Amino acid sequence: MSRMPVMPSIDVVIPVYNAPLLTRRCIDSVVTFLSGSVRYIHVQDDASGTETRQMLEQLPYECIRVHHARTNRGFGASVNAAVDRSDASYVLVLNSDTEASEDFLPLLCAALAADPQLAVIIPGGNDYARHDLGQYLRRPGGYIATYRLQGHAFLVRRKVFQDTGGFDRAFGRGYYEDVDLGRRLDLRGWRLGVHPDARIQHKGGGSFGRGRSFRALVRHNRNLYFSRYPNARRNILLLSGNYPLTRFPSTLLDALENVFHQGGYVHWLSPESARQLLCLQMRSHSIGAGAVMRLLLRSWREDKRISEIWMLPDASRLLRVLIISWARMRGIKVLMWERSAAAHGCSLRLL
């Protein structure tokens, strides 16, 4: 008789700032669906108002550990403090406006066990609904690679989180501290993943809303992030014919990986939508007037604009001429990937 694998010790960390109804729904869902996999739920109350504080004090669950901070220090500092009180192998960090509907932890733990270099695994759900997750290459343990950490829900190796320094308090009340942590983990050689078979719901804006103060905070922290990682602004437009990913030469694959490791994105434009993509920072678009215009005119925010254009030799000649002409008017670098004599080789030529 085969034995079931032993689950590692897991604690849950939920930073809380007001929003008592959403917070209670989050905690209730964790107890209902995840209690069989977790030890303690560490609730870090970040100086919430009286209503939230009273709700937390009246929770009937023995697994709850509530800590009330005297002052509001923001999402990152709250998570760091709660993680420091845990001695579990893994920590599941949840926004207070998330809601579980299943026990996804065995799937996430299996992915971490299958890949020793995987530091963080994120459950899929409504935050990833805009992606066709079936297009993406599955890694050991069933996860999809990502180079951008979304901090609303993630399971992390506790020691790795602490050794990396946790969230940087320079981001204050929140936003982009999770993306920054993902960059630092990547620089240390760790991997990040999203598990499409594990799901969680995320409302978004539960504590801060989406008003003027939210927009100002996001703008400030976005600027801080890009000042640290300027190459994360890279948005590559990759133009090809019907050229499957399996035929990409190793030099091109290495160049794409370099873009992802720097925090950038690749928008692959081809006659037909690609059947397989490397990671969530690679997007596939079918050639058409609408798709081409949307990609070329992504100028409403600097970090969204196309910054370089790469072309494979089998790309449509007419489309190449049109895009090269547009790129020269905009001062955008265009590179042609040409097949070299070396096996699986491909070299770059600046046009």
Side-chain angles (χ1 to χ4, degrees), residues 4-13 34 37-39 79-80 83 86-95 98 100 102-125 127-128 131 133-168 177-200 202 229 232 245 253-254 256-266 276-282:
M4 293 292 291
V6 177
M7 286 277 287
S9 57
I10 303 171
D11 283 348
V12 180
V13 162
L34 306 183
S37 299
V38 305
R39 299 186 318 171
V79 172
N80 292 349
V83 172
S86 170
D87 62 355
S89 299
Y90 299 158
V91 173
L92 176 67
V93 178
L94 295 177
N95 274 17
T98 57
E102 61 183 18
D103 187 359
F104 49 74
L105 285 173
L107 281 173
L108 302 190
C109 289
L112 289 169
D115 186 350
Q117 287 305 114
L118 183 65
V120 172
I121 183 73
I122 305 164
D127 273 28
Y128 295 94
H131 300 286
L133 297 180
Q135 285 184 298
Y136 292 94
L137 181 68
R138 293 283 193 117
R139 308 298 174 107
Y143 75 90
I144 295 168
T146 185
Y147 294 82
R148 184 182 180 92
L149 173 56
Q150 290 188 214
H152 67 284
F154 64 95
L155 185 67
V156 62
R157 301 180 193 271
R158 180 183 59 84
K159 190 174 188 307
V160 172
F161 179 88
Q162 292 178 310
D163 289 348
T164 310
F167 289 120
D168 190 333
E177 72 288 302
D178 50 353
V179 189
D180 172 80
L181 175 61
R183 291 265 58 73
R184 288 186 283 120
L185 287 167
D186 182 82
L187 288 170
R188 288 172 172 243
W190 292 101
R191 287 192 276 267
L192 319 173
V194 172
H195 206 304
D197 300 330
R199 299 183 181 280
I200 193 167
H202 178 217
Y229 312 102
L245 188 66
L253 290 172
D254 290 343
L256 294 174
E257 288 288 343
N258 184 55
V259 173
F260 301 140
H261 281 298
Q262 292 177 340
Y265 286 77
V266 173
Q276 192 172 66
L277 300 172
L278 292 170
C279 67
L280 287 175
Q281 284 64 52
M282 191 175 194

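Numbers here simply count residues along the sequence, with the first being 1. Computed from a prediction, not measured in an experiment: that's the story for all the values here.
- Atom-to-atom distance recorded for Leu105:CG and Ile121:CD1 is 11.5 Å, nearest 0.5 angstrom.
- Side-chain contact between Leu118 and Arg191 is present, with at least one heavy-atom pair separated by less than 4.5 Å.
- Using a 4.5 Å cut-off on side-chain heavy atoms (C-beta onward), Val156 and Trp190 make no contact.
- In this structure the side chain of Arg158 never reaches within 4.5 angstrom of the side chain of Asp11, judged on heavy atoms.
- Closest approach of Gly264 to Gln281, counting heavy atoms only: O-CB, 3.7 Å.
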field: Asp87/Arg39 under side-chain contact (heavy atoms from CB on, under 4.5 Å): CA gap, chis, key distance, verdict
entry: CA-CA 10 Å; Asp87 62 355; Arg39 299 186 318 171; 2.5 Å; yes
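- Across every non-hydrogen atom of Gly165 and Asn80, the tightest pair is O-ND2, 4.3 Å.
- Between the side chain of Arg148 and the backbone N or O of Asp178 there is no donor-acceptor pair closer than 3.5 Å.
- Shown here for Asp103 and Ser37, the closest heavy-atom pair between the two residues is OD2-OG, 2.6 Å.
- Checked by atom type and distance alone, the side chain of His195 pairs as donor or acceptor with a backbone atom of Gly141 at under 3.5 Å.
- Among all heavy-atom pairs drawn from Tyr90 and Pro8, the shortest one is CE1-CG, 3.2 Å.
- In this structure, Gln150 CD and Asn95 CG are separated by 10.5 Å, a value rounded to the nearest 0.5 Å.
- Atoms CZ and CG, on Arg199 and Asp127 in that order, are 12.0 Å from each other to the nearest 0.5 Å.
- Within the 4.5 Å cutoff, side-chain heavy atoms of Tyr147 are placed close to those of His261.
- Judged purely by atom type and a 3.5 angstrom limit, Ser9 uses its side chain to pair as donor or acceptor with the backbone of Ser89.
- Separating the OH atom in Tyr143 from the CG atom in Leu137 is a distance of 9.5 Å, to the nearest 0.5 Å.
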- request: Kindly indicate, with the supporting measurements, whether the criterion side-chain contact (heavy atoms from CB on, under 4.5 Å) is fulfilled by Leu253 and Leu278.
  value: CA-CA 9 Å; Leu253 290 172; Leu278 292 170; 4.1 Å; yes
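- The minimum heavy-atom distance between Leu108 and Pro123, with the atom names listed, is CD1-CD, 4.1 Å.
- What you find for Leu155 and Leu112 is that their closest heavy atoms are CD2-CD1, 3.7 Å.
- Below 30°, between 30° and 60°, or above 60°: for Tyr128 and His152 the angle between ring planes is between 30° and 60°, a tilted geometry.
- The side-chain heavy atoms of Leu185 and Val160, taken from C-beta on, include a pair separated by under 4.5 Å.
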- prompt: When you look at Val91 and Phe161, which way does the side-chain contact (heavy atoms from CB on, under 4.5 Å) test go after all the steps?
  reply: CA-CA 9 Å; Val91 173; Phe161 179 88; over 6 Å; no
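- To the nearest 0.5 Å, the span separating NE2 on His131 from OG1 on Thr146 amounts to 7.5 Å.
- Just one of Leu181, Val194, Asp186 meets the side-chain contact (heavy atoms from CB on, under 4.5 Å) condition when paired with Leu149; it is Leu181.
- When atom types are taken as modelled, the side chain of Arg157 and the backbone of Gln117 share no donor-acceptor pair closer than 3.5 angstrom.
- Side-chain contact between Arg138 and Pro196 is present, with heavy atoms from C-beta onward closer than 4.5 Å.
- Of the inter-residue distances, the one linking Leu256 atom CG with Leu245 atom CG reads 8.0 Å to the nearest 0.5 angstrom.
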message: Let's go through Ile122 and Ile200 carefully: what are the C-alpha distance in whole Å and the side-chain angles of both, what is the deciding distance for side-chain contact (heavy atoms from CB on, under 4.5 Å) to 0.1 Å, and is it a yes or a no?
response: CA-CA 9 Å; Ile122 305 164; Ile200 193 167; over 6 Å; no
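- We find that Asp180 and Arg183 are not joined by a salt bridge, their nearest charged nitrogen and carboxylate oxygen being 4.0 Å or further apart.
- Here Arg139 does not pair with Asp115 in a salt bridge; the nearest charged N to carboxylate O distance is not below 4.0 Å.
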